[in-house]
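Scope of the values below: all heavy atoms of this structure, side chains included, with no hydrogens, waters or symmetry mates.
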Amino acid sequence: PPKLLPRRLSHIGLKVKKHREPPKNALFILSNTNRFRQFCHWLCNHTVFGNIILLCIMLSSVMLAAEDPLNANSERNQILNKFDFFFTAVFAIELILKVIAYGFILHKGAFCRSAFNLLDLLVVSVSLVSMLFRQHVVQCVIVAVKTIGNIVLVTFLLQFMFAVIGVQLF
């Protein structure tokens, strides 16, 4: 029988999707031939950059889950707040690089034309605002959400009981 060997993707003939720069200027000052903008575009589309950002998102989520909302001055929360500064800086740099690479809003393919980028902008903005207010507002919201969650659970159970009683009676 003939021996089948794996082939490289370059020999198969698959077309690699290449990201092109947007045809317009970014922020009215950086043309598509600007070397710094081309570097930012190359970096934003590099798989390693995307994987590093995904790793930072996962680590940041784990550290947010590890915070103690009831004891804001604990040693663990103080250490996690330092990591929060780091992750906010990383995400803000990512945001700035993407705005430089794609432009902000005015042309097709701009940063604000993607819903994920708008979500990224919202998260970074909220994080920066919460740092300005020393996270007291954020901690109050977390405690309030827990309380609201308990109220929703009790309401759901009461509604379920009345639904069962209603089905039995009619």
Can any side-chain N or O of Ser127 pair as donor or acceptor with the backbone N or O of Val123 at less than 3.5 Å? no
Counting only heavy atoms from other residues, nucleotides and ligands, does the tally under 6.0 Å from CD of Gln159 exceed 12?
no
The reported gap from OG1 in Thr88 to CE in Met131 (rounded to nearest 0.5 angstrom) is 3.0 Å
Report task. Mark yes or no for whether Asn77, through its side chain, and Asn71, through its backbone, hold a donor-acceptor pair below 3.5 Å. Result -> yes
Heavy-atom nearest pair, Ala26 first then Val99, reads CB-O, 4.3 Å
NZ of Lys82 to CD1 of Ile79, rounded to nearest 0.5 Å, is 7.5 Å
In short, Gly109 meets Arg113 closest at the heavy-atom pair N-CG, 4.5 Å
Review point. Is the backbone N or O of Ile100 less than 3.5 Å from a side-chain atom of Arg37, with the two atoms forming a donor-acceptor pair by type?
Key: yes
Heavy-atom nearest pair, Cys40 first then Leu97, reads SG-CD2, 3.5 Å
- Message: When you compare the side chain of Phe91 with that of Ser60, does any pair of heavy atoms fall below 4.5 Å?
- Response: yes
What I'd like to find out is whether the side chain of Glu67 reaches to under 4.5 Å of the side chain of Asn81, using heavy atoms alone.
yes
Given side-chain contact (heavy atoms from CB on, under 4.5 Å), test Phe28 with Leu106 step by step and report yes or no. CA-CA 10 Å; Phe28 299 109; Leu106 293 179; 3.1 Å; yes
When rounded to the nearest 0.5 Å, the distance separating CD1 of Ile105 from CG of Asn117 is 11.5 Å
**Request:** Describe, in one word, how the ring planes of Trp42 and His46 are oriented to each other, choosing from parallel (under 30°), tilted (30 to 60°) and perpendicular (over 60°).
**Result:** perpendicular
When rounded to the nearest 0.5 Å, the distance separating CG of Leu43 from CD of Gln38 is 13.5 Å
Can you confirm whether Asn51 sits close enough to Leu55 that some side-chain heavy atom of one is under 4.5 Å from a side-chain heavy atom of the other? no
Exercise for review: Inspect the surroundings of CZ in Phe87 and state if more than 12 heavy atoms from other residues, nucleotides or ligands are less than 6.0 Å away.
Suggested key: yes
Rounding to 0.5 Å, atoms CG (Asn34) and CG (Asn25) come to a distance of 9.5 Å
query: Would Phe111 end up clustered with Ile29 when hydrophobic side chains under 4.5 Å apart are linked, directly or stepwise?
result: yes
Taking side chain as C-beta onward, heavy atoms only, is Tyr102 less than 4.5 Å from His41?
yes
Got Glu94 and Val124 here, is their nearest side-chain heavy-atom distance under 4.5 Å? no
Do the side chains of Ile52 and Phe49 join up, straight or via other hydrophobic residues, at under 4.5 Å, putting them in one cluster?
no
Cluster link Leu128 to Ile93, ILVMFWY, side chain under 4.5 Å
yes
Value for CG (Leu158) from CG (Leu153), rounded to nearest 0.5 Å, stands at 10.0 Å
